[in-house]
Structure formats: C-alpha cells, structure tokens
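To keep things clear, I will list the structure first and then write my remarks on it.
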Amino acid sequence: MKENIVIIGGGIAGMETAAQLLDLGYKPIIIEKSDHLGGHVADWNRLFPDMSPAADVVRSLASRVSGANIFLNTEISFINKLKDSYNIMLSNGISIVTRIIVMATGFALFDASKKEEYGYGVYDQVMTNKDLEHWFNTGEDPRINDSAMNAVGFVHCVGSRDEKARNTQCSKVCCITAVKQAIELKQKFPDAMIYCFYMDLRMFGKKYEDFYIGAQRDYGIRFIRGRVSEVSENIDGRVIVKAEDTLSGKPVKATLDLLVLMSGMVCSQDSTKVANMARLPIDTDGFLKSRDNVMDIIESPKEGVFYAGACTGPKTVPETLAEARAAALKVHLFIKGLE
Amino acid sequence: MRERFLTGYNDFVLPFVCGMLFVIVYCMVGLIRIIMQLPAADRKRFFISLVTPKTAIRNIKDIFLKCLIHVDLWKRNKLLGYMHSSIAFGWFMLILVGHIEVLLYTSDLGPKALYYPIFFRYFVAETETTMKGALIFFLMDFFLLVVLSGIALAIIKRVRSRLFGMRRTTNPSFLDLIGLYSLWSIFPLRLLAESFTADISGGSFLTKSLNYVFTEFLSNHANMLPAWWAYSCALGVFFFVLPFTRYMHIPTEILLIPLRNAGIRIVNARKGFARAQVYSCPSCGLCIDACPMGVLKGNIKDTTVYLNRQIRRKNESRIEEISDKCLLCGKCTAVCPVGVEGDKLRIAQRSVRHYNFGPDYSNIDISDQINGCNKFVKNTNSFVSSTGNERVLYFAGCMTALTPAISKATCSILDKAGTDYEIMDKDGGICCGRPMLMAGRLIQAAQLVEKNTGIILGSGADTLLLSCPICYRIFKEKYTLPGIRIVHHSEYFDELISSGRLRVTKGDVRYVFHDPCELGRGCGIYEQPRNVLSAAGEVVEAEKNRKESICCGGSLGSLTLGFDKRKAMTENALNNLTAASPDRIATACPLCMSTFARYSDRPVEDIAMILDTVTERPAARSAGVRPVKGKTDN
Amino acid sequence: MDFGFKLSPSSAINLDNVNPDKFEELHRAEPDVYKCMACGSCTSTCPAGRYSGMSIRKVILALQRGKEKEAVAMMKNCMLCGKCSMVCPRGINTRHLILSICRIYEEERK
Amino acid sequence: MIYQGKQKIWADYQKEIPDDHWFYVRSCIRQNFFPGAEKMFLEICRGLLGKDFYETEHHTTCGGIAYHCDTIPQETVMTIVARQFALMTEAGYENYVASCITSFGNYIEILETWKEFPELETRIRELLWKACRREFKKPEYVAHASDLIYKYRNEIAAKAKYRLVNRLTGEPLKAVEHIGCHYAKMFPARGIGGAEYPYVLSGMIEAWGGNVIDYPERRHCCGYGFRQYHVKANRGYSLSNTHKKFESMEPYHPDFILTNCPGCPYFMDRWQYVIAETEGKTYGENGFGIPVLTYEELASLVLGYDPWDIGLQLHQVAVEPLLDKLGIEYDPAAKYKGLDEKEIMRPELPGVLRCC
C-alpha cells in the first residue's frame with residue numbers, strides 16, 4: 001500500500017474516485033486548484049431530475065474523502081516522466097513520485113460573452129445558467145428584481161453545437177438544466193411567462209422526458225423551436241430577443257425581463273494544460289482522448305493514467321460518479337498487476 | 001268517539017287529501033306540458049297510438065308488466081324483482097281492493113270518495129254487512145303483508161345491496177330520503193292504525209291478530225287517533241315531496257311507456273320525450289354498476305342516474321360535465337329498467353352546446369373520390385364472377401387506416417371468396433360522421449353523411465361493406481342509400497362461410513369475442529361474429545357479454561376523458577374478457593382492437609384477421625379465371 | 001402621396017403583443033394542450049388534411065402565436081374522427097381540444 | 001447597458017492601421033448622393049493632416065453591386081478588383097483605402113477567398129493578364145476610409161472648433177451610429193469593434209464629445225438591400241426595413257445619425273421624406289427629420305467648415321436644427337448658392353416633413 005495515487009481535480013469525479021480508493025484501503029492524494037472541493041456541483045443549487053440539493057452530494061462526498069491527502073489551492077507546476085513513473089511538482093513546492101494519475105480535471109463552462117450577439121456582460125438583464133444557480137443559492141443578483149419578472153427567456157445551446165463557437169458537440173445536460181431552471185423560476189415567479197428557445201430538446205436520461213412534460217403541462221413553460229440569433233436592449237433596460245419560430249416558419253420577437261444563457265461544457269484550459277504536461281493526447285472535440293471511446297473511455301493511452309468524469313466529454317452527475325467508481329476499480333487492478 | 005261513523009270525517013284526513021290533490025294537479029300539469037312540448041308530428045302520432053288497439057293493448061301490457069310487476073328486475077335479480085313488485089303491485093292491489101270494498105259497502109260518498117277508501121277502517125263499525133267481506137279483509141291484510149315484506153327488503157337493501165345484485169347504489173338526495181322514509185313508514189303506520197280499529201271495523205289475520213296480541217295497548221282508543229294522524233301524515237308527506245324526488249318516476253313512467261310505444265324519439269335536449277325520460281328515472285342505480293367508467297370511483301357521479309338528477313336540478317355545469325365525459329357505450333340504456341336512453345340523452349345535451357364556429361365541408365370536392373372508386377360504373381359490362389354479381393364497395397374507415405392488418409385481411413378474404421369489390425377510401429376517405437354526431441354536432445355530421453352518400457351512390461356498388469362498427473352504425477341509422485345493402489364485415493363473412501364460398505379450416509384456438517358497443521348494443525349484431533369465430537376455433541364467453549359487454553375504454557363517445565383516464569377501464573374490460581382463459585381475444589372493431597392491444601397480455605385480433613389465417617385460397621379460382629382483386633395501387 | 005409602393009406588413013410574430021387570455025382559457029378546458037411537442041403525427045394521419053391542409057399541430061401553435069384567424073380557418077375542416085387522438089404520443093385529447101377551440105375562439109365576422 | 005462589457009469587446013477588435021501613404025478609391029454612388037463627403041475626406045487627410053493619399057482616374061467600379069445582385073460571376077468581380085490592385089501596384093502604393101463599404105467588403109472577401117483557394121488567385125492573375133496585360137501585388141493593408149478618420153479622430157478632436165455638445169443645454173448630443181452591413185458582418189475581425197458592437201463610428205462620436213445611443217434595431221440594415229430597392233416591386237420592403245429602424249430609435253430622440261456607407265445615409269435620409277408623405281410621421285423635433293450625416297461631413301462640421309461648402313444642402317432632412325444645437329454659424333440665404341455665389345436650383349418643399 002505504499003503506491004502513491006494522485007487524483008488531479010477535487011470535483012465530484014475526483015472525490016468519488018478517492019472515496020472508492022479509500023474504501024479499497026488506499027490513501028489517495030487529491031490536488032485541487034481552488035480553495036474548496038466539489039467543483040461545479042458545489043456551485044449548483046439543485047440537481048435534476050429529482051431536485052435533490054447539490055450541497056448534499058458534495059457534503060456526503062467530502063465526508064467520505066476526509067481520510068485522503070487533500071491539497072487545496074494547489075496547481076501543478078510540471079510533470080516529469082520518469083522511467084515507469086511520473087514526478088509531479090506542485091505549486092506549493094511539494095513533489096510527488098507516482099505511477100498512477102487519475103485525471104479528474106472536469107470541464108469549463110463555455111464563456112458566454114464569446115457569443116457577443118447575446119450580450120452577456122454588455123446588457124444588464126442577461127445571465128448564465130451558473131449565475132442563476134448562484135441566485136438560487138444566495139438570492140443575490142441585481143439582475144433579478146422580484147417585482148418585475150414578467151417574461152424570462154432561456155437560450156439553449158450557448159456555445160454548444162456551434163462551429164462559430166468552435167464547439168460542435170452537444171453539451172448534453174443543458175436541455176434538462178434549462179427545463180429544471182425554468183421550472184424553478186416559475187415556482188418563484190408563478191405569473192411570469194417563461195420561454196425556452198431550443199434547437200432540439202435532448203431528453204435522454206432517466207425521467208428527463210417526464211420532467212419536460214411536467215414543465216409543459218404543469219408549469220406552462222413555452223418551448224419555441226428556434227435559436228436566438230440576436231439580443232438587443234430596450235430603452236427601459238429589458239432585452240429584446242429575436243429568433244425564428246421554425247415550426248411556423250416565422251420570425252419571433254419577445255421583450256424579456258431576464259435572459260438566461262445555457263452555457264455549454266468545454267474542456268477546461270487547465271485540463272488541457274495538465275494533459276500537455278503529462279503528454280496526454282487531446283481528442284477532436286477538445287476533450288482528453290481516451291484509449292477507446294467505447295471500451296476504454298476511462299483509460300488514457302498512457303500506462304497508469306486514468307480518466308474520470310467530464311474531462312473526456314460532457315457528462316451528468318450520475319455518469320461522472322459511475323466513471324469515478326470504474327476508474328477507482330481500474331486503479332486497484334492496476335496496482336494488483338504491479339505487485 | 002262514535003261520532004266518526006256518523007260524520008264520516010275527521011281532521012286527520014286533511015294531510016292525505018291535500019297531498020293527494022297536490023300530486024294529482026302537479027302530474028296533470030306535467031303531463032300536459034310534456035305532450036305540448038312534443039313536436040307536432042310526434043304529438044299527433046302519440047294520440048293516434050293511444051287509440052290504435054294494437055299499441056293500446058301493448059301500452060297496458062307494458063305498464064302492467066313494467067310498472068307493477070317489474071319483469072326486467074325479476075330477470076336481473078329475483079330478490080330485487082320481488083322487492084319492487086311487492087311494493088308496487090301490493091300497494092296497487094291495496095288501493096284497488098280498498099276501492100272495491102268502499103264501492104261495495106257504501107253509497108252516496110260525495111267528496112268523501114277522496115279519502116274514504118284510504119281510511120275506510122276508521123270510518124266503519126263492525127257490522128253484519130261488512131262481515132260478509134271476509135275475503136276482502138283477508139286480501140287487504142295479505143297485500144299489506146306483501147308490501148311490508150317489500151319494505152323490509154328495501155331496508156335490508158340499503159345496508160346490503162350486494163344481496164340484490166348491486167355493488168353500488170345511488171346516493172339519495174335529501175328529499176329522496178324524506179320520500180323514502182315517508183314511504184317506508186306509510187305501511188307500518190297503516191298496520192298500526194288499522195290494528196287499533198280491527199276490533200270495531202273488522203280485520204283479518206294481520207290486523208286482528210295484532211289487535212289481540214297488543215290488546216292492552218291497542219284497546220286504548222285514546223292512542224288511536226295519533227296513529228291515524230301519523231298514517232295520513234306519512235301519506236301526505238310522501239305525496240307532497242313526490243314531485244321533487246325520484247318517486248316522480250311512478251307517474252311519469254306511465255306516460256313514458258305509451259310515448260315510447262308510439263315511436264317517439266328525443267328531439268329537444270330537455271323537453272318532451274327527454275323530459276319524460278328524465279322524470280322516469282327511478283334512481284335505482286343499476287346504471288352505476290353498468291357504467292364502464294365506474295372502475296374509477298371519481299366517475300360514479302357521472303352516470304346516467306346523476307345526469308337525470310342534474311337535469312332536473314338544471315345544474316348546467318354538471319350536466320355538461322356528465323354528458324361530455326360519457327363513452328356512449330349504451331350499457332346504461334341496455335340495463336335501465338324504465339328505458340332511459342342515457343347515451344341519446346347525452347348526445348342531445350351535447351347538441352345544444354354553443355360553439356362560436358363549426359366546421360364546414362362544403363369546399364370538399366368528391367369528384368376525385370368518385371373517380372377513384374367507380375369501376376362498377378366505368379366498366380359497365382364488368383365480368384360476372386362465378387359467385388354471383390354482387391358489387392361490393394369496401395369502406396375501411398378512418399380507424400381501420402390505423403390498423404391496416406384488418407383491411408388487408410378483409411381484402412384477402414374477399415379475394416378468396418371471389419367477391420368483386422372496390423375500396424372506397426384507399427387514399428383516405430371522408431369521415432362517416434358518427435364521431436361528429438356523437439359530439440352532438442348534428443349539422444356537421446349531416447354534411448359528412450351527404451358527402452359520403454354522393455361517393456357511394458356514384459360508385460355503382462350494390463353492397464357497402466364496413467370494417468368499423470362506428471361507421472356501420474351511422475350508415476345504418478342516418479344514411480339513405482337506396483338499393484345498397486349495408487353490411488358489417490362480421491355479417492358478410494358469416495354469409496360467405498355459411499354459403500360455402502370460403503373454405504375454412506377449424507383450429508383449436510380458444511377465442512373470446514368482445515362485443516363492440518356500436519356493433520352489439522348499437523346495431524344488435526351479436527351472433528354473426530361468433531359464428532365466424534366458431535368456424536375458426538373454439539369460442540368461449542366473457543363474464544359479461546352481448547348486451548352487457550363492457551366498453552373497451554377507447555370509445556370516441558367520450559369528449560373529455562383523457563388517455564390516462566382510460567387505462568383502468570380497458571384493464572377492467574380485459575379482466576372481464578379473460579375470465580374463461582381464452583388464448584386470444586377477438587373483436588370486430590378497429591378501435592376496440594387497438595385499445596385492447598395496448599394493455600392486453602394476449603393477442604387481440606379482428607375477426608377478419610382470424611378468418612383470413614384459417615381460410616384457404618381456392619386453387620381453381622386463382623388460376624386466372626378472373627383477375628386478382630384488391631391490388632390497391634396507391 | 002403615392003409612390004407606387006408602401007410599407008409592407010411584417011410577418012414577424014411579436015410575442016409581447018400576443019394576448020394569452022383565450023389560450024389560457026383553452027388550457028383550463030384541456031390542460032394537455034401544453035403537452036404538444038410538435039411531432040406532427042396528428043397532421044400526417046388527418047383525413048381532413050387531404051382536402052384542406054388541416055393540422056391540429058399547426059392550430060395549437062398558431063393559437064399560441066396569436067394567429068387566431070389562421071387557426072380557425074384550419075379548424076373548419078376538422079371531421080372530429082379522432083385519429084389524431086389515437087396517434088398522439090403525448091396522449092392529448094385532441095377531440096376535446098378541438099371542440100373547446102370551437103367554443104372559445106371566434107370566427108372573423110365577415 | 002454595461003459600458004465596460006463593450007470596451008472589453010472593442011479591445012478584442014482593434015486593427016494596426018498604417019498611418020500614411022494610401023491608395024484611395026472612390027465609391028461609385030457617393031459622389032452623386034453626397035459629393036461633399038469624399039472631397040472633404042481628401043481635404044482633411046491631405047490638407048489638414050498632411051498625409052499622402054493618391055487617387056487615379058483609371059479606377060473603376062469594384063463590381064460589388066453587380067456581384068451582390070447576382071448579375072456577374074465571381075471571376076469577373078475578382079478580375080475587376082485585381083485590376084484595381086494593379087493600379088495601386090503601378091502607382092507604387094501598398095495600402096489600399098476604399099471609400100465604399102461594399103467595395104471594402106468585396107476586397108476583404110476576395111483576399112480571404114484567395115487565401116483559402118490560392119489556385120483561384122492564380123487563375124485571376126491569368127485572366128487579368130489576358131484582359132489588359134496588367135500584374136498586381138496584393139495590398140499590404142486594406143482599410144475603409146472610416147477606419148482612417150477613426151484613426152485620426154483624436155487629431156481631429158484636437159483641431160476641432162466645435163464639440164458634439166448641445167449649446168443650449170450643455171448636454172452631449174445623442175447620436176445613432178449606423179454601420180454599413182458589408183463593413184464587418186462578413187468578416188467581424190476586419191472591422192473596428194467587430195460586427196456586434198462596431199466601434200469605428202462610436203469612437204469618433206465619443207472622441208468629439210457626443211454620446212452614442214444603443215437602440216434595439218441598431219444591427220438592422222438601412223433598408224437599401226441591392227436586390228430590394230432596385231426592383232420597384234420590392235421597394236416597399238426596402239422602405240419597411242428603414243421604417244423599422246426609425247421606429248426603434250424614436251424613443252431615444254437622437255440628435256443625428258452618423259453613417260459610413262454610401263447607401264445608408266442616402267436611404268435613411270430620403271426614406272424619412274417618403275415615410276412622412278405616406279404615413280404622416282416624422283422622427284425629429286417639431287416636425288423635422290433626424291439629420292443623417294456621413295463621417296466626413298461630421299468631421300468637417302466639428303472642424304469648422306461651412307456647412308454649405310461641404311454639401312449639406314443636398315440632404316433631404318434639414319440639418320439646420322443640428323447646426324443650431326452645435327452652435328455652428330451659417331447663412332440661411334447661402335444654402336442654395338453655388339461656390340460661384342450664383343443661385344443653384346431650389347428644391348420644392350415637401351408636404352409633411354419640415355425642412356426649414
């Protein structure tokens with residue numbers, strides 16, 4: 001049990017991998033760049049489709065990894081490949097020699113301001129899915145005025161399925177997240193008209209379609225098939241969105257009190273940086289490349305380097321956790337093989 | 001106390017007399033109103049029927065058998081039948097014998113005739129003359145006993161309705177309860193009152209015996225008057241509340257029977273015949289158990305008995321809700337002992353609904369349709385097939401378009417039988433109009449009927465073959481197609497088999513046949529599909545079948561029942577069908593088939609599909625004697 | 001002054017100007033109307049569509065976009081046969097929906 | 001509106017524009033619409049700022065309108081453009097500046113196409129040689145004339161006589177800037193400020209003391225649209241688009257509209273008259289219209305040139321209310337006098353739109 005196991009990333013993928021390895025009797029090391037564990041999930045309020053609190057997920061994972069070596073506020077300065085191991089130099093001056101690295105570097109939210117036409121950071125009443133979750137958590141956001149929320153719009157696929165945003169793949173979770181957030185907003189503002197502007201609705205997961213039906217029937221969320229192409233600001237500060245209602249073949253226009261952009265998932269720059277240090281290949285979608293996208297999604301082409309979670313592509317929370325468990329098992333079998 | 005024999009009057013008769021007069025006036029006014037509300041032609045027909053000996057005799061027979069003996073209830077459940085006929089017939093006989101008694105023994109009654117027969121025992125002393133009427137005494141006590149036994153059963157029924165073959169009964173309204181309790185109390189009070197005077201006025205085994213047994217109490221004539229007052233009051237209360245309770249059915253049914261026998265139909269949703277039906281409803285609640293929607297408890301208040309109640313109360317929102325929800329399966333009509341037509345009554349309610357606009361099909365051009373199916377006209381010297389020269393036009397119908405296996409099998413059978421046929425709606429047809437009719441939109445339905453009539457008459461066919469009972473019913477009832485025979489495929493196949501035009505090999509599959517509402521109760525076709533099935537295999541029966549068959553739940557009749565609300569009904573109907581463990585479920589309606597197939601644990605097929613699989617293609621005929629039919633080129 | 005041309009009306013739908021009251025009334029009568037996901041099954045099976053381009057899918061959409069005239073004109077072809085109810089994957093009671101539309105919306109007065 | 005957000009975007013879309021030595025090509029139609037504009041551009045650049053601007057009488061149309069109307073094929077327009085480049089090469093210049101937005105877009109599009117398809121460039125060189133025995137070098141830099149005024153905006157501000165401030169109230173004037181569609185919508189990186197929040201005109205207005213207003217339809221086309229206006233049956237559509245823009249900017253009460261395209265100022269100016277006549281509606285104060293200026297005209301005004309010398313009498317919408325706000329002295333009687341002090345023709349006054 002003297003093998004060092006380095007898990008890069010303290011989001012739910014890294015934490016679940018660590019928790020499983022602790023159960024298997026190992027003492028993994030978690031390296032996290034920020035000052036807290038939980039990654040993106042820690043920023044979220046509730047999770048689809050059962051509206052379970054995200055904080056519960058993070059809290060339970062955190063209690064399970066308390067036995068691991070956790071380095072917060074720590075980045076990786078460089079990685080040297082030794083003969084059959086890696087020397088990882090951390091920003092806090094510690095260096096670790098290990099034969100096993102688990103990449104749990106996750107994803108980054110697409111920077112919505114890159115879609116200039118949506119005016120994120122330019123217009124007062126435009127926010128992202130993450131900003132809205134922050135408001136759900138704290139109740140603080142100048143963009144949400146409790147007394148004037150008559151019409152709200154959600155724009156799906158911001159930075160996803162978009163060659164102009166250099167991200168052609170689907171971010172998978174935004175459709176269901178938009179439906180969830182639309183329902184939550186409708187619960188808070190029952191009189192508001194809520195529109196979802198979508199290209200396709202991809203309700204692939206367990207109970208997602210029921211969630212969508214509920215949003216339509218029980219909450220009266222209006223789904224408009226057509227991508228918002230242009231946003232501008234009114235004289236009173238509200239935003240005007242333009243889209244095509246592709247089902248009727250007519251342009252539509254609506255004045256909204258709030259526009260929420262569903263930022264998609266892209267590979268984080270930090271993830272790419274660490275991958276470059278460890279000489280891991282990048283796939284055509286910009287995420288880390290697996291040995292095989294069907295059979296070995298959690299294994300890198302390099303011996304002893306494993307992947308868990310969204311560093312290989314957009315994933316939901318349960319998918320990430322399942323991969324983390326699988327990665328822990330792979331690590332265990334790898335160590336067994338070394339003995 | 002003896003002055004009563006002299007004056008022949010006591011104040012206690014007043015409640016009865018008032019009640020009686022009230023009810024008679026009320027009924028007469030009601031009678032005249034209903035008759036005046038009938039369309040003039042119907043009214044004339046009604047009066048003629050009253051004096052036509054045939055219908056007059058039938059009226060009397062029906063009134064006797066239905067109103068007094070309740071034969072329909074006897075057929076359903078002996079105990080239920082006895083309960084009703086004991087009260088109705090027993091009471092009737094009490095009145096009849098009572099009047100005979102009075103007529104025999106008194107003269108110069110004058111206005112006393114109003115109450116004398118009712119309270120006769122109070123006003124007569126035991127004299128030589130009346131002693132001679134021992135038989136009458138006996139009869140009076142006997143029928144009183146009969147009525148009392150009925151009342152006893154009625155009380156038991158309120159607690160244990162299952163003994164009477166009823167799972168659920170109607171929830172009585174407040175006035176119904178008053179009527180019920182006053183009715184129940186009339187006869188025990190009469191027994192009590194007459195027992196007081198039995199030693200003076202005479203009596204028989206019941207009253208006299210009671211007088212002896214309770215001599216201590218009953219011989220005290222001070223108690224007598226309250227008993228007679230109570231008896232009169234019970235009668236008075238009953239008569240006063242009668243018009244506002246379900247007991248209004250007693251007088252109304254006497255009107256309904258001759259109206260029905262005169263062939264009158266519902267025209268106005270609320271007036272005339274519909275009104276007679278509504279007031280004839282005895283609130284017995286037989287329709288509650290019959291209703292297929294009853295599997296969901298929430299629907300119980302939407303049965304016909306409650307519709308009648310709400311129509312009487314003029315509760316428009318409930319009337320609308322109840323009439324729109326119904327599947328129009330017609331089972332309540334089939335089981336109703338008085339003949340309230342729950343389905344037609346509802347269609348009538350739907351027909352008065354206000355719509356801001358309605359469909360209009362005048363722009364539909366049927367010339368294309370006619371050109372698509374008029375080969376019988378185009379090819380006048382069409383070959384005469386070896387099996388006769390019938391020219392069959394096959395109308396598969398909208399629903400069959402969603403179950404193409406039925407139309408395919410039907411065409412295959414027609415080919416095998418060598419029938420010369422043409423398909424009327426191969427590229428999609430015009431709806432038959434029945435769904436529109438069921439929604440109460442009669443003008444639109446008539447327009448559709450007109451369009452289809454044009455196509456059919458233009459086709460040159462002499463037989464119209466239908467797969468769908470929904471179509472079949474409206475074609476039978478509302479279409480005028482001179483010279484064209486309208487057949488459902490079950491009838492037609494039955495004929496093909498019995499005339500030997502199909503060679504059928506009987507298998508050993510056990511089938512149960514589901515009677516589609518529109519085919520069975522709607523058009524009275526019960527045997528033909530069973531004949532077809534028994535040629536193909538063994539036929540077992542569902543627990544409730546034929547007239548009592550349970551709707552599949554998919555009916556187009558209901559306007560408001562959503563898809564999610566129908567599942568329980570379909571499952572209930574399936575449980576009924578599979579009681580005898582059949583291998584397969586057979587039906588003769590595309591809508592029933594697809595509805596059952598959704599939830600069934602065993603295959604569901606149309607009889608056309610079954611018959612096709614067990615029918616051989618005749619080798620000789622297909623050898624080129626005639627061109628192969630049914631190649632529908634699209 | 002006549003220049004031989006003038007402002008042409010916009011075909012765009014301005015959702016701000018759509019009065020939702022009638023559609024809300026329709027929603028109360030048939031709550032499932034919101035469930036339509038525009039799959040088009042109803043349109044493809046509709047026997048009236050052959051004669052008129054009737055599409056209950058389009059009607060639902062047009063009513064939500066305030067194009068009542070267009071919707072009512074289409075609705076006038078419906079035969080109420082119920083095939084759309086049969087094929088609707090979302091289980092919408094289209095027949096009741098259609099009758100409710102006939103009741104709530106009005107035909108343009110000529 | 002978050003101004004810092006826009007600044008962030010503007011910072012991403014800046015160009016390194018050469019300071020001097022330009023080969024200047026005029027627009028086909030501007031000289032007819034507002035002839036003072038191009039004259040003043042050269043006057044300011046050469047005379048006031050002392051820069052080297054060369055132009056040649058051999059320059060022709062770039063073929064842009066025909067190209068966008070689908071009446072000539074791509075090879076033809078490319079060969080025409082190649083000839084212009086040859087003129088530049090022959091004159092010894094490397095920096096090419098176009099007065100017309102469509103030309104600018106056309107040049108950029110052709111250069112980008114050649115970058116992606118070098119074989120096409122080779123073919124065009126052959127075609128040019130066959131046609132007129134000329135050879136060319138691709139320009140080092142292609143700019144639009146407004147890019148240069150943008151570049152010189154602070155020098156102009158330093159020499160300015162007037163600022164874009166309302167003399168009566170002391171408030172900065174409210175300006176609508178309208179960018180020609182072909183400036184940056186095709187290649188956002190080639191326009192100052194990009195396509196969504198262009199800065200080229202905003203920068204001038206800010207530098208000269210005005211305030212830019214941002215109204216919902218700011219991205220919308222002026223309504224010209226070559227295929228729309230040129231076909232009379234489609235002219236109502238052209239008008240409707242302009243109308244849409246005016247309806248959108250109306251609540252902000254702009255003092256003037258600044259443009260950088262040949263067609264836009266013309267249509268936004270003339271259609272105000274047509275809208276007034278057909279709809280009875282005017283958008284300026286007291287029945288006037290909103291004055292529409294080109295950037296050269298505005299630069300000349302702030303620099304103190306006489307409004308009638310720079311051709312402002314050729315505007316349909318009267319500029320006098322704007323001149324009054326700016327505090328510019330002008331002689332109303334001289335409005336319709338030529339440079340030779342003789343009367344030029346006076347236009348008939350319109351019925352609805354107030355012009356004096």
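Throughout, a chain's letter reflects where its sequence line sits, starting with A, and its residues are numbered from 1. Side chains included, hydrogens not; waters and symmetry mates left out as well; all remaining heavy atoms used. This one's a predicted model, so the numbers in the text were calculated from it and none came from an experiment.
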- Item | For chain B, the option from C:Gly49, C:Cys78, C:Gly82 that forms the most heavy-atom pairs under 4.5 Å | C:Cys78
- Message: For chain B, which candidate among C:Val87, C:Asn93, C:Asp32 shows the most heavy-atom pairs at distances under 4.5 Å?
- Response: C:Asn93
- Message: Checking the side chain of C:Tyr51 only, and the main-chain atoms of B:Ile366 only, is there a donor and an acceptor separated by less than 3.5 Å?
- Response: no
- Item | Value rounded to 0.5 Å, distance of OH in B:Tyr361 from NZ in C:Lys76 | 10.0 Å
- Item | Residues B:Arg434, C:Cys81; criterion side chain to side chain contact (heavy atoms under 4.5 Å, CB included); working and verdict | CA-CA 8 Å; B:Arg434 176 75 184 154; C:Cys81 70; over 6 Å; no
- Item | Nearest atoms (heavy-atom pairs only) where B:Ser558 meets C:Arg95 | O-NH1, 3.8 Å
- Task: Determine, stepwise, if the pair B:Asn356 / C:Glu107 fulfils side chain to side chain contact (heavy atoms under 4.5 Å, CB included).
- Result: CA-CA 7 Å; B:Asn356 286 331; C:Glu107 203 174 348; over 6 Å; no
- So, the part of C:Ile104 with a heavy atom under 4.5 Å from chain B: the answer is backbone
- Under the side chain to side chain contact (heavy atoms under 4.5 Å, CB included) rule, what do C:Met86 and B:Leu591 come out as? Steps first, then yes or no, please. CA-CA 9 Å; C:Met86 298 273 293; B:Leu591 185 50; 3.1 Å; yes
- Message: For a quick test of reading the model, state the closest non-hydrogen atom pair linking B:Leu559 to C:His96 and the distance between them.
- Response: O-CB, 2.7 Å
- Query: Is the NZ atom of C:Lys22 crowded by more than 12 outside heavy atoms at less than 6.0 Å?
  - Reply: yes
- Task: Evaluate the criterion side chain to side chain contact (heavy atoms under 4.5 Å, CB included) for residue pair B:Arg353 and C:Arg103; output intermediate values, then yes/no.
- Result: CA-CA 9 Å; B:Arg353 195 127 320 139; C:Arg103 197 156 7 150; 3.8 Å; yes
